[in-house]
Amino acid sequence: MEPGKYLQVAVVGVGGVGTQVVEQLITNPIYGFQLVAVTSSKRMLQSTKDLCINPVAWKDALNGSETPVDLSAVKSTLQELVKQGEKAVFIDNTSSQDVAEMYPALLSAGINVVTPNKKAFSGEVGLYQGIVQASRSGRYLHESTVGAGLPIISTLRDLVETGDKVVKIEGVFSGTMSYIFNNFSSVERSDESFSSIVKGARAQGYTEPNPADDLNGADVARKLTILARIIPELKDEQGNFPLLHGYQSVETTSLIQDAPASAVSNGDEFMKWLPQQDAHFAQMREQAAIEDSVLRYVGVVDVKNKVVKAELAKYPKTHPFATSLGGSDNIIMFHTERYGKRPLIVQGAGAGNDVTAMGVVSDILKLIRP
(Lines give C-alpha, C1' and ligand atoms only; values in the text may rest on other atoms or scores of the structure.)
Protein backbone atom coordinates (compact mmCIF):
# COMPACT_ATOMS: atom_id res chain seq x y z
CA MET A 1 0.00 0.00 0.00
CA GLU A 2 1.30 3.47 -0.92
CA PRO A 3 2.46 5.31 2.25
CA GLY A 4 0.16 8.12 3.31
CA LYS A 5 -2.71 7.05 1.08
CA TYR A 6 -4.98 6.09 3.98
CA LEU A 7 -5.32 7.51 7.48
CA GLN A 8 -4.25 4.89 10.04
CA VAL A 9 -6.90 4.80 12.76
CA ALA A 10 -6.92 3.38 16.30
CA VAL A 11 -10.28 3.56 18.06
CA VAL A 12 -10.13 3.36 21.85
CA GLY A 13 -13.53 2.90 23.44
CA VAL A 14 -16.45 1.50 21.44
CA GLY A 15 -19.44 2.28 23.63
CA GLY A 16 -22.28 4.38 22.27
CA VAL A 17 -20.12 7.16 20.85
CA GLY A 18 -17.21 4.95 19.78
CA THR A 19 -19.45 2.57 17.85
CA GLN A 20 -21.05 5.51 16.06
CA VAL A 21 -17.60 6.87 15.19
CA VAL A 22 -16.60 3.63 13.48
CA GLU A 23 -19.94 3.36 11.68
CA GLN A 24 -19.75 6.93 10.41
CA LEU A 25 -16.21 6.36 9.17
CA ILE A 26 -17.24 3.17 7.38
CA THR A 27 -20.11 4.87 5.58
CA ASN A 28 -18.03 7.86 4.46
CA PRO A 29 -17.75 7.50 0.67
CA ILE A 30 -15.06 10.15 0.13
CA TYR A 31 -12.08 9.49 2.36
CA GLY A 32 -10.25 6.24 3.02
CA PHE A 33 -8.88 4.93 6.27
CA GLN A 34 -7.22 1.81 7.64
CA LEU A 35 -8.48 0.43 10.95
CA VAL A 36 -5.30 -0.41 12.87
CA ALA A 37 -6.72 -1.14 16.33
CA VAL A 38 -10.05 -1.25 18.14
CA THR A 39 -10.35 -1.59 21.90
CA SER A 40 -13.20 -2.04 24.34
CA SER A 41 -12.74 -1.86 28.09
CA LYS A 42 -11.72 -5.54 28.23
CA ARG A 43 -10.31 -6.66 24.88
CA MET A 44 -8.79 -5.37 21.69
CA LEU A 45 -8.17 -6.08 18.04
CA GLN A 46 -4.96 -5.06 16.36
CA SER A 47 -3.98 -5.45 12.73
CA THR A 48 -0.73 -7.18 11.81
CA LYS A 49 1.33 -7.57 8.64
CA ASP A 50 -0.62 -10.70 7.84
CA LEU A 51 -4.07 -9.70 9.06
CA CYS A 52 -6.06 -6.49 8.55
CA ILE A 53 -9.16 -5.63 10.54
CA ASN A 54 -12.27 -5.92 8.39
CA PRO A 55 -14.14 -2.65 9.08
CA VAL A 56 -17.48 -4.27 8.28
CA ALA A 57 -17.02 -7.19 10.68
CA TRP A 58 -15.11 -5.43 13.47
CA LYS A 59 -17.78 -5.96 16.15
CA ASP A 60 -17.86 -9.74 15.87
CA ALA A 61 -14.10 -9.89 15.62
CA LEU A 62 -13.67 -7.76 18.75
CA ASN A 63 -16.22 -9.78 20.71
CA GLY A 64 -14.34 -12.94 19.77
CA SER A 65 -10.92 -11.55 20.62
CA GLU A 66 -9.00 -12.92 23.59
CA THR A 67 -6.35 -10.19 23.49
CA PRO A 68 -6.41 -7.97 26.59
CA VAL A 69 -6.25 -4.21 26.17
CA ASP A 70 -2.70 -2.89 25.86
CA LEU A 71 -2.67 0.78 24.91
CA SER A 72 1.12 0.94 24.96
CA ALA A 73 1.11 -1.67 22.17
CA VAL A 74 -1.41 0.45 20.24
CA LYS A 75 0.87 3.47 20.64
CA SER A 76 3.88 1.46 19.44
CA THR A 77 2.00 0.28 16.36
CA LEU A 78 0.93 3.81 15.44
CA GLN A 79 4.41 5.15 16.13
CA GLU A 80 5.94 2.60 13.75
CA LEU A 81 3.44 3.57 11.06
CA VAL A 82 4.38 7.23 11.49
CA LYS A 83 8.05 6.32 10.99
CA GLN A 84 7.03 4.64 7.73
CA GLY A 85 5.49 7.88 6.49
CA GLU A 86 1.88 7.15 7.40
CA LYS A 87 -0.52 9.60 9.02
CA ALA A 88 -1.98 8.11 12.20
CA VAL A 89 -4.70 9.09 14.65
CA PHE A 90 -5.52 7.86 18.15
CA ILE A 91 -9.26 8.31 18.80
CA ASP A 92 -10.09 8.32 22.49
CA ASN A 93 -13.82 7.80 23.06
CA THR A 94 -13.41 7.09 26.77
CA SER A 95 -13.78 9.41 29.74
CA SER A 96 -10.60 8.01 31.28
CA GLN A 97 -8.03 10.21 33.00
CA ASP A 98 -5.36 7.55 32.43
CA VAL A 99 -5.94 7.59 28.67
CA ALA A 100 -5.96 11.40 28.66
CA GLU A 101 -2.55 11.44 30.28
CA MET A 102 -1.16 9.54 27.28
CA TYR A 103 -1.80 12.46 24.92
CA PRO A 104 1.55 14.28 25.30
CA ALA A 105 3.50 11.09 24.54
CA LEU A 106 1.26 10.26 21.58
CA LEU A 107 1.57 13.73 20.12
CA SER A 108 5.35 13.82 20.66
CA ALA A 109 5.56 10.62 18.61
CA GLY A 110 3.77 12.32 15.72
CA ILE A 111 0.44 10.60 16.41
CA ASN A 112 -2.62 12.83 16.07
CA VAL A 113 -5.24 12.72 18.83
CA VAL A 114 -8.99 13.19 18.35
CA THR A 115 -11.32 12.89 21.33
CA PRO A 116 -14.58 13.84 23.05
CA ASN A 117 -12.86 13.19 26.42
CA LYS A 118 -12.91 16.42 28.45
CA LYS A 119 -10.43 15.27 31.10
CA ALA A 120 -7.18 16.36 29.46
CA PHE A 121 -8.37 19.86 28.59
CA SER A 122 -10.29 20.72 31.75
CA GLY A 123 -8.09 19.36 34.52
CA GLU A 124 -4.79 20.49 36.00
CA VAL A 125 -3.02 23.03 33.83
CA GLY A 126 0.21 20.98 33.71
CA LEU A 127 -1.32 18.25 31.55
CA TYR A 128 -2.90 20.81 29.24
CA GLN A 129 0.41 22.65 28.90
CA GLY A 130 2.13 19.37 28.04
CA ILE A 131 -0.43 18.67 25.31
CA VAL A 132 0.00 22.11 23.76
CA GLN A 133 3.79 21.80 23.77
CA ALA A 134 3.69 18.30 22.27
CA SER A 135 1.35 19.43 19.49
CA ARG A 136 4.34 20.64 17.50
CA SER A 137 4.68 17.03 16.36
CA GLY A 138 1.02 15.92 16.16
CA ARG A 139 -2.35 17.64 16.13
CA TYR A 140 -4.98 17.39 18.86
CA LEU A 141 -8.62 18.02 17.98
CA HIS A 142 -11.47 17.95 20.49
CA GLU A 143 -14.47 19.74 19.01
CA SER A 144 -16.92 17.35 20.65
CA THR A 145 -15.74 18.10 24.19
CA VAL A 146 -18.06 21.13 24.17
CA GLY A 147 -21.48 20.93 22.55
CA ALA A 148 -21.07 17.45 21.01
CA GLY A 149 -21.26 18.06 17.25
CA LEU A 150 -21.93 21.79 17.47
CA PRO A 151 -19.12 24.00 16.10
CA ILE A 152 -18.27 25.69 19.38
CA ILE A 153 -14.51 25.21 19.68
CA SER A 154 -13.88 25.72 15.97
CA THR A 155 -15.93 28.93 16.03
CA LEU A 156 -13.97 30.24 19.02
CA ARG A 157 -10.65 29.36 17.41
CA ASP A 158 -11.68 31.07 14.17
CA LEU A 159 -12.63 34.23 16.07
CA VAL A 160 -9.37 34.27 18.03
CA GLU A 161 -7.07 33.35 15.15
CA THR A 162 -8.55 36.00 12.84
CA GLY A 163 -7.87 38.69 15.42
CA ASP A 164 -11.30 39.22 16.95
CA LYS A 165 -11.40 40.01 20.66
CA VAL A 166 -13.74 37.93 22.79
CA VAL A 167 -15.59 40.03 25.37
CA LYS A 168 -17.82 37.33 26.85
CA ILE A 169 -19.11 33.85 26.15
CA GLU A 170 -22.34 32.79 27.81
CA GLY A 171 -24.58 29.85 27.21
CA VAL A 172 -26.55 26.82 28.26
CA PHE A 173 -23.83 24.19 27.95
CA SER A 174 -25.51 21.18 29.55
CA GLY A 175 -28.17 19.23 27.68
CA THR A 176 -29.36 17.84 31.00
CA MET A 177 -29.68 21.25 32.67
CA SER A 178 -31.29 22.61 29.51
CA TYR A 179 -33.99 19.94 29.51
CA ILE A 180 -34.68 20.30 33.23
CA PHE A 181 -35.04 24.07 33.31
CA ASN A 182 -36.78 24.37 29.92
CA ASN A 183 -39.52 22.27 31.50
CA PHE A 184 -39.34 23.52 35.09
CA SER A 185 -39.19 27.25 34.36
CA SER A 186 -40.81 27.88 30.98
CA VAL A 187 -42.20 31.04 29.40
CA GLU A 188 -45.72 29.53 29.65
CA ARG A 189 -45.11 28.66 33.32
CA SER A 190 -45.19 25.22 34.86
CA ASP A 191 -46.35 23.90 38.19
CA GLU A 192 -44.53 20.57 38.02
CA SER A 193 -42.09 19.95 40.83
CA PHE A 194 -38.35 20.04 40.30
CA SER A 195 -37.83 16.45 41.47
CA SER A 196 -40.59 15.21 39.16
CA ILE A 197 -38.90 16.78 36.13
CA VAL A 198 -35.52 15.36 37.12
CA LYS A 199 -37.16 11.94 37.54
CA GLY A 200 -38.60 12.17 34.03
CA ALA A 201 -35.28 13.31 32.61
CA ARG A 202 -33.55 10.38 34.24
CA ALA A 203 -36.12 7.92 32.88
CA GLN A 204 -35.59 9.26 29.35
CA GLY A 205 -31.81 9.00 29.60
CA TYR A 206 -31.14 12.75 29.69
CA THR A 207 -29.20 12.49 32.96
CA GLU A 208 -26.34 10.40 34.26
CA PRO A 209 -27.45 7.29 36.19
CA ASN A 210 -27.04 9.48 39.26
CA PRO A 211 -28.46 12.94 38.39
CA ALA A 212 -26.25 14.41 41.12
CA ASP A 213 -23.40 14.15 38.61
CA ASP A 214 -25.27 16.62 36.38
CA LEU A 215 -26.73 18.90 39.02
CA ASN A 216 -23.38 19.61 40.70
CA GLY A 217 -22.38 21.80 37.75
CA ALA A 218 -19.01 20.13 37.18
CA ASP A 219 -19.75 19.22 33.55
CA VAL A 220 -20.47 22.86 32.71
CA ALA A 221 -17.35 23.94 34.61
CA ARG A 222 -15.23 21.55 32.52
CA LYS A 223 -16.61 22.98 29.26
CA LEU A 224 -15.96 26.53 30.43
CA THR A 225 -12.37 25.59 31.29
CA ILE A 226 -11.83 24.21 27.79
CA LEU A 227 -13.07 27.43 26.18
CA ALA A 228 -11.31 29.79 28.58
CA ARG A 229 -7.92 28.23 27.84
CA ILE A 230 -8.31 29.04 24.13
CA ILE A 231 -8.71 32.78 24.76
CA PRO A 232 -5.32 34.58 24.75
CA GLU A 233 -6.52 37.49 26.91
CA LEU A 234 -7.14 35.13 29.84
CA LYS A 235 -3.48 34.16 30.08
CA ASP A 236 -1.48 35.87 32.83
CA GLU A 237 1.46 38.21 32.29
CA GLN A 238 3.84 35.26 32.04
CA GLY A 239 1.71 33.65 29.33
CA ASN A 240 0.38 30.89 31.59
CA PHE A 241 -2.99 29.34 30.83
CA PRO A 242 -5.88 30.25 33.17
CA LEU A 243 -7.59 28.08 35.76
CA LEU A 244 -4.62 26.39 37.39
CA HIS A 245 -6.72 23.52 38.74
CA GLY A 246 -9.03 23.30 35.74
CA TYR A 247 -12.75 22.97 36.35
CA GLN A 248 -12.16 23.03 40.10
CA SER A 249 -10.99 26.65 39.71
CA VAL A 250 -14.30 27.69 38.12
CA GLU A 251 -16.83 29.50 40.32
CA THR A 252 -19.49 26.78 40.25
CA THR A 253 -22.94 26.85 41.81
CA SER A 254 -23.91 23.32 42.74
CA LEU A 255 -27.63 22.62 42.91
CA ILE A 256 -27.06 19.81 45.40
CA GLN A 257 -24.74 21.35 47.99
CA ASP A 258 -27.05 20.20 50.78
CA ALA A 259 -27.24 16.59 49.64
CA PRO A 260 -26.03 13.93 52.09
CA ALA A 261 -23.09 11.77 51.07
CA SER A 262 -25.33 8.74 50.58
CA ALA A 263 -27.40 10.61 47.97
CA VAL A 264 -24.38 11.95 46.11
CA SER A 265 -22.94 8.46 45.73
CA ASN A 266 -26.11 6.59 44.76
CA GLY A 267 -28.66 7.54 42.11
CA ASP A 268 -31.65 5.88 43.74
CA GLU A 269 -30.84 7.42 47.12
CA PHE A 270 -30.43 10.80 45.43
CA MET A 271 -33.89 10.59 43.87
CA LYS A 272 -35.37 9.77 47.29
CA TRP A 273 -33.70 12.85 48.78
CA LEU A 274 -34.40 15.32 45.96
CA PRO A 275 -38.12 16.04 46.76
CA GLN A 276 -36.90 17.74 49.94
CA GLN A 277 -35.59 20.51 47.66
CA ASP A 278 -38.84 21.06 45.74
CA ALA A 279 -40.03 23.96 47.88
CA HIS A 280 -36.67 25.74 47.49
CA PHE A 281 -36.73 25.49 43.69
CA ALA A 282 -40.44 26.39 43.52
CA GLN A 283 -39.70 29.59 45.45
CA MET A 284 -36.90 30.47 43.03
CA ARG A 285 -39.19 29.83 40.06
CA GLU A 286 -41.91 31.99 41.57
CA GLN A 287 -39.50 34.86 42.19
CA ALA A 288 -38.25 34.65 38.61
CA ALA A 289 -41.84 34.70 37.31
CA ILE A 290 -42.61 37.82 39.37
CA GLU A 291 -39.67 39.47 37.57
CA ASP A 292 -41.04 38.21 34.21
CA SER A 293 -38.02 35.93 33.92
CA VAL A 294 -37.08 32.25 33.74
CA LEU A 295 -34.34 30.20 35.40
CA ARG A 296 -31.47 28.83 33.33
CA TYR A 297 -28.29 27.06 34.39
CA VAL A 298 -25.62 28.90 32.43
CA GLY A 299 -21.90 29.09 31.96
CA VAL A 300 -20.14 32.43 31.55
CA VAL A 301 -16.61 33.30 30.48
CA ASP A 302 -16.32 37.04 31.18
CA VAL A 303 -13.02 37.98 29.55
CA LYS A 304 -13.15 41.67 30.48
CA ASN A 305 -13.49 40.92 34.19
CA LYS A 306 -11.57 37.64 34.04
CA VAL A 307 -14.42 35.70 35.63
CA VAL A 308 -15.39 32.13 34.73
CA LYS A 309 -18.54 30.86 36.42
CA ALA A 310 -21.34 28.30 36.21
CA GLU A 311 -24.56 29.35 37.91
CA LEU A 312 -28.34 29.26 38.04
CA ALA A 313 -29.43 32.67 36.74
CA LYS A 314 -32.58 34.57 35.78
CA TYR A 315 -33.14 35.68 32.19
CA PRO A 316 -36.02 37.79 30.81
CA LYS A 317 -38.76 35.85 29.05
CA THR A 318 -37.80 37.67 25.84
CA HIS A 319 -34.18 36.46 25.98
CA PRO A 320 -33.04 33.74 23.52
CA PHE A 321 -32.22 31.49 26.49
CA ALA A 322 -35.94 31.63 27.33
CA THR A 323 -37.50 31.61 23.86
CA SER A 324 -35.17 29.61 21.62
CA LEU A 325 -34.41 26.48 23.60
CA GLY A 326 -36.26 23.19 23.29
CA GLY A 327 -35.61 19.72 24.63
CA SER A 328 -31.96 19.32 25.58
CA ASP A 329 -30.58 21.98 23.22
CA ASN A 330 -27.39 23.88 23.90
CA ILE A 331 -27.12 27.56 23.01
CA ILE A 332 -23.91 29.57 23.16
CA MET A 333 -23.48 33.30 22.57
CA PHE A 334 -20.15 34.81 21.54
CA HIS A 335 -19.94 38.52 22.40
CA THR A 336 -16.89 39.94 20.60
CA GLU A 337 -15.63 43.25 19.23
CA ARG A 338 -16.86 42.27 15.75
CA TYR A 339 -20.10 40.77 17.02
CA GLY A 340 -20.82 43.62 19.41
CA LYS A 341 -24.41 44.69 18.86
CA ARG A 342 -25.70 41.22 18.04
CA PRO A 343 -23.75 38.22 19.40
CA LEU A 344 -22.82 35.23 17.28
CA ILE A 345 -25.10 32.38 18.39
CA VAL A 346 -24.59 28.63 17.96
CA GLN A 347 -27.53 26.42 18.92
CA GLY A 348 -28.64 22.82 18.55
CA ALA A 349 -28.53 19.36 20.07
CA GLY A 350 -25.66 19.29 22.54
CA ALA A 351 -25.84 15.63 23.53
CA GLY A 352 -26.39 12.22 21.97
CA ASN A 353 -24.17 9.49 20.59
CA ASP A 354 -24.77 10.32 16.94
CA VAL A 355 -24.07 14.06 17.14
CA THR A 356 -21.10 13.57 19.47
CA ALA A 357 -19.66 11.03 17.02
CA MET A 358 -20.25 13.52 14.22
CA GLY A 359 -18.06 16.01 16.08
CA VAL A 360 -15.34 13.35 16.42
CA VAL A 361 -15.53 12.31 12.77
CA SER A 362 -15.49 15.91 11.57
CA ASP A 363 -12.20 16.34 13.44
CA ILE A 364 -10.84 13.17 11.85
CA LEU A 365 -11.74 14.49 8.40
CA LYS A 366 -9.78 17.68 9.12
CA LEU A 367 -6.69 15.46 9.27
CA ILE A 368 -7.45 13.94 5.87
CA ARG A 369 -8.68 16.84 3.76
CA PRO A 370 -6.01 18.38 1.53
Side-chain angles (χ1 to χ4, degrees), residues 95 116-119 121-125 128 142 144-148 150 152-153 156 166-182 184-185 194 197-198 201 206-208 210-231 234 241-259 264 270 274 277 280-281 284-285 288 293-315 319-322 325 328-335 343 345-347 350-351:
S95 58
N117 185 351
K118 301 178 188 68
K119 297 287 175 66
F121 313 102
S122 61
E124 296 293 321
V125 77
Y128 184 74
H142 56 105
S144 51
T145 56
V146 181
L150 296 177
I152 306 299
I153 290 175
L156 177 57
V166 178
V167 177
K168 183 169 71 171
I169 300 171
E170 62 179 328
V172 175
F173 289 90
S174 164
T176 302
M177 293 287 207
S178 180
Y179 177 88
I180 289 170
F181 285 101
N182 290 343
F184 178 71
S185 181
F194 185 76
I197 289 172
V198 173
Y206 284 122
T207 74
E208 295 293 332
N210 186 350
D213 295 333
D214 297 295
L215 298 177
N216 63 14
D219 179 67
V220 175
R222 284 190 179 277
K223 293 170 182 176
L224 295 175
T225 302
I226 291 167
L227 297 180
R229 286 174 171 172
I230 297 172
I231 301 171
L234 287 177
F241 291 104
L243 304 170
L244 181 64
H245 300 297
Y247 76 99
Q248 296 183 64
S249 298
V250 174
E251 297 176 22
T252 305
T253 300
S254 170
L255 302 184
I256 58 162
Q257 61 262 42
D258 297 327
V264 172
F270 178 79
L274 191 58
Q277 303 300 303
H280 166 68
F281 284 106
M284 293 179 69
R285 176 173 60 188
S293 298
V294 297
L295 298 171
R296 295 292 180 263
Y297 195 93
V298 297
V300 177
V301 179
D302 184 342
V303 180
K304 182 180 179 181
N305 296 303
K306 290 185 164 46
V307 172
V308 184
K309 60 183 178 180
E311 63 179 355
L312 186 61
K314 289 177 282 192
Y315 282 85
H319 193 280
F321 291 0
L325 287 171
S328 59
D329 279 0
N330 285 181
I331 183 170
I332 291 85
M333 289 182 165
F334 294 91
H335 301 266
I345 298 177
V346 179
Q347 177 182 349

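Heads up: numbering here begins at 1 and tracks the sequence. All figures in this text were calculated on a predicted structure; none of them were measured in a lab.
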Between the side chain of [X] and the main-chain N/O of [Y], is any donor-acceptor distance below 3.5 Å?
X	Y	value
Thr176	Tyr206	yes
Tyr315	Pro320	no
Thr252	Val250	yes
Ser178	Asn330	no
Lys119	Ser95	yes

Drop me the distance from [X]'s [atom1] to [Y]'s [atom2], to the nearest 0.5 angstrom.
X	Y	atom1	atom2	result
Ile197	Ile180	CD1	CD1	8.5 Å
Lys309	Thr253	NZ	OG1	8.5 Å
Ile152	Ile226	CD1	CD1	12.0 Å
Leu243	Arg222	CG	CZ	12.5 Å
Ile332	Glu170	CD1	CD	10.5 Å
Met284	Leu255	CE	CG	7.5 Å

Flag side-chain contact, heavy atom, 4.5 Å: [X] against [Y]:
X	Y	answer
Ile331	Ile345	yes
Gln347	Leu150	no
Glu251	Val308	no
His319	Met333	yes
Thr145	Ile153	yes
Thr225	Tyr128	no
Leu325	Arg296	yes
Val146	Phe173	yes

Original post:
Does the ring centre of Phe181 sit less than 6.0 Å away from the ring centre of Phe194?
Top reply: yes
Closest non-hydrogen atom pair between [X] and [Y], with its separation:
X	Y	answer
Ala148	Ala351	CB-N, 4.1 Å
Phe270	Pro211	CE2-CB, 3.8 Å
Asp329	Val172	O-CG1, 4.3 Å
Pro242	Ala228	CG-O, 3.8 Å
Leu156	Val166	CD1-CG2, 3.8 Å

**OP:** Scan Leu224, Ile231, Ile230 and name whichever one has a side-chain contact (heavy atoms from CB on, under 4.5 Å) with Ile169.
**Re:** Ile231
**OP:** Would you please test Val300 and Lys168 for side-chain contact (heavy atoms from CB on, under 4.5 Å) and show each step?
**Re:** CA-CA 7 Å; Val300 177; Lys168 183 169 71 171; 3.9 Å; yes
Subject >> Ring-face cation contact, Phe121 with Arg229, 6.0 Å cut, 45° max >> reply: no
Subject >> Check against side-chain contact (heavy atoms from CB on, under 4.5 Å), Lys314 and Leu295 >> reply: CA-CA 5 Å; Lys314 289 177 282 192; Leu295 298 171; 3.8 Å; yes
**OP:** Output all residues satisfying salt bridge (charged side-chain N to carboxylate O under 4.0 Å, His left out) with Asp219, sequence neighbours left out; order by chain, then residue number.
**Re:** Lys118, Lys223
Subject >> Step-by-step side-chain contact (heavy atoms from CB on, under 4.5 Å) determination, Val303 to Val167 >> reply: CA-CA 5 Å; Val303 180; Val167 177; 5.9 Å; no
